[in-house]
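As C-alpha cells, the structure follows; a few thoughts come after it.
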Amino acid sequence: MRVLSHITRLLISCICGLAFTQQVLAERMVTDLSSHVIEITSKFSGTELLIFGAIERAITKSGGGQNIVVEGIDYDIIVVVQSERNDMIIRRKEMIGPIWANKGHKTLKSVQGYYAVTTTRPLDQILSREQSKLLGAAIDQIKINFDEPVSEIEERAYREGFIRNMKAKKLYSQQEGTISVLDDILFRAILAFPANMPVGNYQVDVHLVRDGEVILSEQSSLEVGKIGLERIIYSFAHDHPAFYGIVAIIVALFAGWLGGFLTNRMGK
Amino acid sequence: MQIYLPIAEMSINIFLLLLMGGGVGFLSGMFGVGGGFLMTPLLIFVGIPPAVAVATEANQITAASVSGALAHGRRGGIDYKMGFVLIIGGAVGSYFGSMLFTILKATGQVDLMISLAYVLFLGAIGGMMFVESVRSILRNRRGDNPPVGRRPRTWVDALPLKMRFRASKMYVSVLLPLAIGGLVGVLAAIMGVGGGFIMVPAMIYLLNMPIKVVIGTSLFQITFVTAAVTFLHSVNTQTVDVMLALILLIGAVIGAQIGARFGIKLKGEQLRILLAILVLAVCGKMAVDLVSMPDEIYSVSQTGKIH
C-alpha cells in the first residue's frame, strides 16, 4: 500500500510539473564574464570587463502551441557589479579661520567600494516603481548606514558627498542605455574599472527584465587581487610592517650606495 | 608608461616620476641641498596621498644621503661623536613626530598638518635666505667684507652638561646638539625632509662647528634619522612606498650629476636667490591651496584600524 501511494504521488507531481512548464514561459539566461579574475600588476592602469550572455526563450516541445512569447515586448538587461562591503570614513572640510580643514566626519557602515550599474535603457523606463524599489539597483538607492544617528539634512549632505566622491574617483557609475542586445538574444555590457579599484571579491548580477518585471537573475563572482611584486610589497608592508621597514631601509642604503658608486665611476 | 604604486595604491606615469626625481636631483646638485622639502610638495601636487609622500620621501632621503655620508666619512669629514649626539636627539624627535603623525592620520588631520608645516617652514627659510642673499649681494657691491673670526660668547656657552668634541675642536653643552637633532627628527617625521636646511645653519652659527665637518656630520645624521623615520612610518601607518622611493632615486642620482655641473658656473649669491625664490613659490602654492575653496569638501577614505 505504501509503495503504491508513493508511485501515485510521484505521478501526480510529474503531471503537475509538465503542466506548469507548458503554461509559463520559461526563459533561460546564460551569462559569463570575459574574466573571473582581475590582477593588479605593476602595469595596471585600470581595466575593462565584458559581461555577456544569451537569452534563451523556451519553446515547448509539443509544437509551439503554448508559446506565449509576446512579440513587440523587448527584453531589458540590468547589470550590477559591486565589491565587498567595508566601513569607510567620510570627512567634510569647513572653514576654520582662513583655512579649509576637515572638521566633521562620519563612519559609514558596510558600503561598497565599487558599484557600477549598466542597463539597456533608462532604469525608470525599464522597471515599474515597485520593482525598482525591490531591486534597488540605482546608485541613488544604495543603502548607506551611519554608525551614529544623523539628522536628515546631514544624512542627505553626507550621502550626496559620498556618492559624488565615489563617482569622481570612477568607483561608482551608472550608465543607462549602454548594454547592447542583439536580436533579442545576445547581450554585452562593458564596465570600466579604475586603477584604484578595491581588491577582494566582487559580485556580478545580471537581471533579465520584461514588461517592467525582473523575470530572471543570474549571479557570478569576480575576484580582484594584487599579484606579483605588487602583491608581495603590499602584503609584506601590511602583514610584517617592522620587517618591511627594515627591508625598506636596507634597500635604500644599498641603492644609495650603488648610485654613488656608479656616479663616481662615470665621473672618472 | 603607467606604473601602479603598491602602497600609494594609484597608477602614475613612470616618466613623470623620473622627471620629478631628476628635476629635484638637478636642483639639489646645483644648490647642494637635500631636496626633500621640494620633492614632498611635488609628490602631493601630482596626487600622491600626503602621508605616503612624507613617509616615502624619508625613505628616499636615506638613499640619497648615504653615499655622501660615506664619501665624507672617508675624507674625515664627519665628527662621529657630534653625529651620535645629533642622532640620539633625532631618534627621540622622530619618535614623537611619528606619534603625532599617526594620531593626526587617524583623525584625518595629517594632510592639513603637513601643509601647514610646509607653509610655515618654507616661508621662514625662503624669506630668510632671500633677505640674506640680497644683503650679501649689496655688501659685495659696496666692497665690504663680512666680519671674520670666532663668534663672541653667547647664551650657548652658558648651557650646562658640556662635552668635548675632538674632531670639531669644540667644548659645548650636549643640550644644544640634542635639541637641534630633536627638531630635525620631528621635521623628518612630519614633513619628509632630511632637515639639512635647518641643521647646517644651526651647526655653523649656533654650535660654531668647523665648516669641513658640518656637511658630512649632517649627512651622517640624516641617513640614520630618515632610516628611523622610515621604520616608524612603516610600523605605524604603512605609508612607505619602496617602489616610489626607488624610482625617484634613479631620477635624483642622474639629475644631481647634471645639477652639480651647472652649479659650478653660477655665483653663490645668485644661486641662493634662485633657491629662495623656488622655496617661496612652493610655499605660496601650498598656502593658496589651504585657503582657496576646495572643489569638493567631502573626502572618503577607508577606515584604518585606529579610530
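Each chain gets a letter, A, B and so on, in the order the sequences are listed, and its residues count up from 1. Only a predicted model underlies this, so the values are computations on that prediction, with no experimental measurement involved.
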If you apply the rule side-chain contact (heavy atoms from CB on, under 4.5 Å), what do you find for B/Thr107 with A/Asn102, and how did you get there? CA-CA 9 Å; B/Thr107 53; A/Asn102 285 332; over 6 Å; no
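If you tally non-hydrogen atom pairs under 4.5 Å between each of A/Gly113, A/Gly259, A/Gly256, A/Ala195 and chain B, the highest count goes to A/Gly256. Of the listed residues (B/Ile3, B/Leu232, B/Thr223), the greatest number of heavy-atom pairs within a distance under 4.5 Å of chain A belongs to B/Ile3. Chosen from A/Gly260, A/Gly97, A/Gly104, A/Pro98, the residue pairing most often with chain B at heavy-atom distances under 4.5 Å is A/Pro98. Ranked by heavy-atom pairs under 4.5 Å with chain A, the first of B/Gln109, B/Met1, B/Gln60 is B/Gln109. Interface remark: of the candidates A/Lys43, A/His240, A/Met95, A/Lys226, A/Lys226 forms the most heavy-atom pairs closer than 4.5 Å to chain B. When each of A/Pro241, A/Gly161, A/Gly245, A/Ala255 is checked for heavy-atom pairs under 4.5 Å with chain B, A/Pro241 comes out on top.
In terms of heavy atoms, B/Ser234 sits closest to A/Tyr244 at OG-CD2, 3.8 Å. Listed here is the closest heavy atom pair of A/Ala242 and B/Phe231: O-CE1, 3.3 Å. Contact detail for B/Glu9 and A/Asn196: the closest heavy-atom pair is O-CB, 4.0 Å. A pairwise comparison of heavy atoms in A/Ala237 and B/Ile7 identifies CB-CD1, 3.5 Å as the closest pair. Of all the heavy atoms in A/Ala252 and B/Val66, the pair that sits closest is O-CG1, 4.5 Å. Shown here for B/Ala106 and A/Arg91, the closest heavy-atom pair between the two residues is O-NH2, 3.4 Å.
Residue A/Leu258: no heavy atom, backbone or side chain, is found under 4.5 Å from chain B. If you measure heavy-atom distances from B/Asp289 to chain A, you find no contacts under 4.5 Å at all. At a 4.5 Å heavy-atom cutoff, the contact between B/Leu70 and chain A is made by side-chain atoms alone. Heavy atoms of A/Met197 lying under 4.5 Å from chain B are absent altogether. Heavy-atom distances place the side chain of B/Leu246, and not its backbone, under 4.5 Å from chain A. Both the backbone and the side chain of A/Ala157 come within contact range of chain B, judged by heavy atoms closer than 4.5 Å.
Residue A/Phe236 places its CZ atom among more than 12 non-hydrogen atoms of other residues, nucleotides or ligands, all under 6.0 Å distant.
Here the two rings, on A/Tyr158 and B/Tyr298, have centers that are under 6.0 Å apart.
Each of A/Val251, A/Leu229, A/Val247 was evaluated against B/Val242; a single residue qualifies, A/Val251, per the side-chain contact (heavy atoms from CB on, under 4.5 Å) test.
Taking 4.5 Å as the limit, some side-chain heavy atom of A/Arg92 sits within range of a side-chain heavy atom of B/Ile297. Two residues are said to be in side-chain contact when any heavy atoms from C-beta on lie closer than 4.5 Å; A/Ile99 and B/Leu112 meet this criterion.
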